[in-house]
A.B. asks: 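I'd like to ask you about the structure that follows.
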Amino acid sequence: MQYWLVKSEPGAYSWERFKKEGKTVWDGVRNYQARNNLKEMKKGNLVLFYHSNEGMAVQGIAKVSREFFQDPGTDDARWVSVELSYYQELKHPVSLQQMKADSILENIGLIRQSRLSVMPLKVEEFDRIISLGMG
DNA sequence: GCCAACGTTGGC
DNA sequence: GCCAACGTTGGC
């Protein structure tokens with residue numbers, strides 16, 4: 001099982017909206033590294049949903065419900081999307097500050113490479129965020 | 001609002 | 001192929 005983290009500015013697409021809609025096409029990724037990560041996602045993989053810029057925190061968990069396909073927002077064959085479905089909400093959002101202060105999470109991709117919007121997580125990183133968010 | 005990090009573009 | 005200029009992201 002592979003674990004992931006995706007970022008969204010809540011003003012552009014929020015966790016609240018995702019929760020209400022139940023699923024969404026994750027489109028608009030225009031960065032090769034992020035695109036490569038989208039292509040690696042397998043159906044059933046779990047994906048943390050992080051709010052950037054405002055309310056900077058992991059909000060909840062999504063599940064990959066459809067593997068990559070052409071991004072419907074463009075005809076350019078380089079760019080792909082996946083479909084994500086609502087899975088579970090964290091009891092307490094896990095803030096960037098909390099992650100920076102945590103010895104397991106201090107070297108997470110989110111902190112090391114702050115501009116990447118789709119990234120893999122190690123199992124122990126995923127588990128640590130869940131335990132902080134559900135504890 | 002500022003700025004660091006970093007990806008992209010285009011001239012040479 | 002190099003690199004300066006420029007644009008974007010995202011934390012503060």
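To find a chain, count down the sequence lines: A is the first, B the second, and so on, and within it residues start at 1.
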A.B. asks: Could you give the CG-to-P distance, from A:L110 to C:dC12, as a whole number of Å?
C.D. replies: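 In whole Å, C:dC12 P lies 10 Å from A:L110 CG.
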
A.B. asks: State whether A:Y50 places a side-chain N or O below 4.0 Å from either non-bridging phosphate oxygen (OP1 or OP2) of C:dG11.
C.D. replies: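 So the side chain of A:Y50 is within the cut-off, an N or O lying under 4.0 Å from OP1 or OP2 of C:dG11.
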
A.B. asks: Strictly below 4.0 Å: does A:K7 bring a side-chain N or O up to OP1 or OP2 of C:dT9?
C.D. replies: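 For C:dT9, neither OP1 nor OP2 has a side-chain N or O of A:K7 closer than 4.0 Å.
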
A.B. asks: Rounded to whole Å, how long is the line connecting atom CG of A:N31 with atom P of C:dT9?
C.D. replies: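 After rounding, the reported distance stands at 10 Å.
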
A.B. asks: Using atom CG of A:L96 as one end and atom C1' of C:dT9 as the other, report the distance to the nearest whole Å.
C.D. replies: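 Atom CG in A:L96 sits about 14 Å away from atom C1' in C:dT9.
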
A.B. asks: Starting the side chain at C-beta, find the nucleotide from C:dG11, B:dC6, C:dG10 nearest to A:K100.
C.D. replies: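 So the side chain of A:K100 is nearest to C:dG11.
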
A.B. asks: Rounding to an integer number of Å, can you tell me how far A:N53 CG sits from C:dG10 P?
C.D. replies: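 Value for this atom pair: 6 Å.
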
A.B. asks: Any carboxylate oxygen within less than 4.0 angstrom of a Lys/Arg side-chain nitrogen, looking at A:D71 and A:R78?
C.D. replies: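 Answer for the salt bridge query: no.
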
A.B. asks: Round to the nearest Å and state the distance from A:E54 atom CD to C:dT9 atom C1'.
C.D. replies: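 Rounding to the nearest Å, CD of A:E54 and C1' of C:dT9 are 14 Å apart.
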
A.B. asks: Answer yes or no: is there an ion pair linking A:E106 with A:K100, defined by an N-O contact shorter than 4.0 Å?
C.D. replies: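 So A:E106 does not pair with A:K100 through a salt bridge.
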
A.B. asks: Provide, to the nearest angstrom, the distance between the CD atom belonging to A:Q113 and the C1' atom belonging to C:dT8.
C.D. replies: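 The answer, rounded to whole Å, is 15 Å.
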
A.B. asks: Could you state the atom-to-atom distance from CD1 of A:I108 to C1' of C:dG10 in whole Å?
C.D. replies: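 Interatomic distance, CD1 of A:I108 to C1' of C:dG10: 16 Å.
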
A.B. asks: Nearest whole Å is fine: how far is C:dT8 P from A:R115 CZ?
C.D. replies: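 Between P of C:dT8 and CZ of A:R115: 10 Å.
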
A.B. asks: Please round to the nearest 0.5 Å and tell me the distance separating atom CZ of A:F68 and atom CE of A:M41.
C.D. replies: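 The CE atom of A:M41 is 12.5 Å from CZ of A:F68, to the nearest 0.5 Å.
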
A.B. asks: What's the closest nucleotide to the side chain of A:Y32 if the choices are C:dC12, B:dT8, C:dG10?
C.D. replies: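 My answer, after comparing the listed nucleotides, is B:dT8.
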
A.B. asks: Is the shortest side-chain N to carboxylate O distance from A:R17 to A:E21 below 4.0 Å?
C.D. replies: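 Result for this pair is yes, salt bridge flagged.
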
